[in-house]
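Structure record follows, encoded as structure tokens.
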Amino acid sequence: MKIGSSILFALVTLLCAPTFAATATHSGMAATSTAAQDNRLALRDLWGEHIFWIRDYVQANQNGDKAQAKVAAEQVVANATTIANAIAPLYGQPAADQLLKLLAGHWTAVKHYSDASVAKDAAGRKAAIADLTSNAGAIAKFLSSANPNLPEKDLVAMLSTHGAQHIAQIDQFGAHDYAGEARTWDAMRHHILMLADALNGALVKQFPDKF
């Protein structure tokens with residue numbers, strides 16, 4: 001799927017995380033529901049921080065605030081490390097390390113696009129989009145190979161939309177289209193929650209004994 005500034009959010013293929021009844025009568029079911037819900041909320045927080053700190057970097061970069069950009073970049077990396085390490089108890093540290101490399105590739109591509117946009121480097125923007133597209137496929141392949149409940153094609157669609165939203169946001173800040181960016185930000189927040197829920201649902205299905 002090509003990533004660009006024109007985004008058709010309605011076309012994205014989404015996975016639906018299962019709904020856990022809060023009124024379960026069996027004590028074991030209640031415990032499972034609580035654990036699953038706690039994990040769901042934790043993943044939502046982590047992925048929400050991902051888009052927050054990248055947005056903070058993009059704004060600082062556009063405004064030429066190097067101090068703010070530096071802190072935001074550090075927070076993006078710290079957040080990616082936390083996301084990756086969250087899978088270590090389930091898949092092992094080597095898998096967590098591999099996920100961190102992939103998330104680093106995602107961030108590097110987004111940062112490259114932001115930096116190239118500020119520098120008005122058209123070739124740099126094009127290269128960043130290519131890297132972002134390739135990285136979405138690599139992350140999808142990694143996650144689907146680890147969890148059979150995450151179809152690769154669905155992940156590619158979701159991650160491609162996520163990347164496209166980053167690109168649109170950067171372009172809108174660059175054009176001072178703040179109303180447009182506000183709409184993109186709203187779409188990003190909803191989309192990242194659906195992504196987090198899809199990941200949580202797949203984990204709960206694969207490891208029912210832990211949730």
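Below, each value reflects all heavy atoms present in this structure, side chains not excepted, and no hydrogens, waters or symmetry copies.
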Given 3.5 Å as the limit, does a donor-acceptor pair link the side chain of [X] with the main chain of [Y], or not?
| X | Y | result |
| --- | --- | --- |
| N135 | L102 | yes |
| S160 | A157 | no |
| S134 | A130 | no |
| S114 | V110 | no |
| N79 | Q75 | no |
| Q206 | A146 | yes |

About how many Å separate [atom2] of [Y] and [atom1] of [X], when rounded to the nearest 0.5 Å?
| X | Y | atom1 | atom2 | value |
| --- | --- | --- | --- | --- |
| Q165 | I170 | CD | CD1 | 12.0 Å |
| S145 | E152 | OG | CD | 8.0 Å |
| D45 | L193 | CG | CG | 9.5 Å |
| N200 | K205 | CG | NZ | 11.0 Å |
| K111 | D115 | NZ | CG | 4.0 Å |
| E49 | I51 | CD | CD1 | 10.5 Å |

Check whether any side-chain heavy atom of [X] sits under 4.5 Å from a side-chain heavy atom of [Y], and report yes or no.
| X | Y | answer |
| --- | --- | --- |
| W185 | R55 | yes |
| L203 | N149 | no |
| Q172 | R183 | no |
| M188 | H50 | no |
| I83 | L43 | no |

What is the minimum heavy-atom distance between [X] and [Y], and which atoms define it?
| X | Y | answer |
| --- | --- | --- |
| L132 | G163 | CD2-O, 3.6 Å |
| Q62 | G174 | OE1-CA, 3.5 Å |
| A84 | L99 | CA-CD2, 3.9 Å |
| D56 | A72 | OD2-CB, 3.5 Å |
| A116 | R125 | CB-N, 3.6 Å |
| A69 | N61 | CB-N, 4.4 Å |

Does [X] belong to the same Ile/Leu/Val/Met/Phe/Trp/Tyr cluster as [Y], with side-chain heavy atoms less than 4.5 Å apart forming each link?
| X | Y | value |
| --- | --- | --- |
| V118 | V58 | no |
| F142 | L195 | yes |
| L41 | L90 | no |
| W47 | L100 | no |

- Task: Anything under 30° is parallel, anything over 60° is perpendicular, the rest tilted; go ahead and classify H166 against H106.
- Result: tilted
- Task: Scan D131, D121, D171 and name whichever one has a side-chain hydrogen bond (donor to acceptor under 3.5 Å, both in side chains) with Y113.
- Result: D171
- Set of side chain to side chain donor-acceptor pair (under 3.5 Å) partners for D209, sequence neighbours left out: none
- Message: Quiz question: by atom type and distance under 3.5 Å, do the side chains of N85 and Q93 form a donor-acceptor pair?
- Response: yes
- Kindly determine whether I139 and L155 satisfy side chain to side chain contact (heavy atoms under 4.5 Å, CB included), including the steps that lead there. CA-CA 8 Å; I139 293 176; L155 285 172; over 6 Å; no
- Message: Please confirm whether the ring centroid of W107 lies under 6.0 Å from the ring centroid of Y57.
- Response: yes
- Message: Checking R189 against D186 for the salt bridge (charged side-chain N to carboxylate O under 4.0 Å, His left out) test, could you report, in this order, the C-alpha distance in whole Å, the side-chain angles of both residues, the deciding distance, and whether it holds?
- Response: CA-CA 5 Å; R189 289 189 299 108; D186 185 61; 2.8 Å; yes
- ring pair (Phe, Tyr, Trp, His ring centres under 6.0 Å) evaluation trace for F207 with Y91: CA-CA 11 Å; F207 301 100; Y91 297 105; 5.4 Å; yes
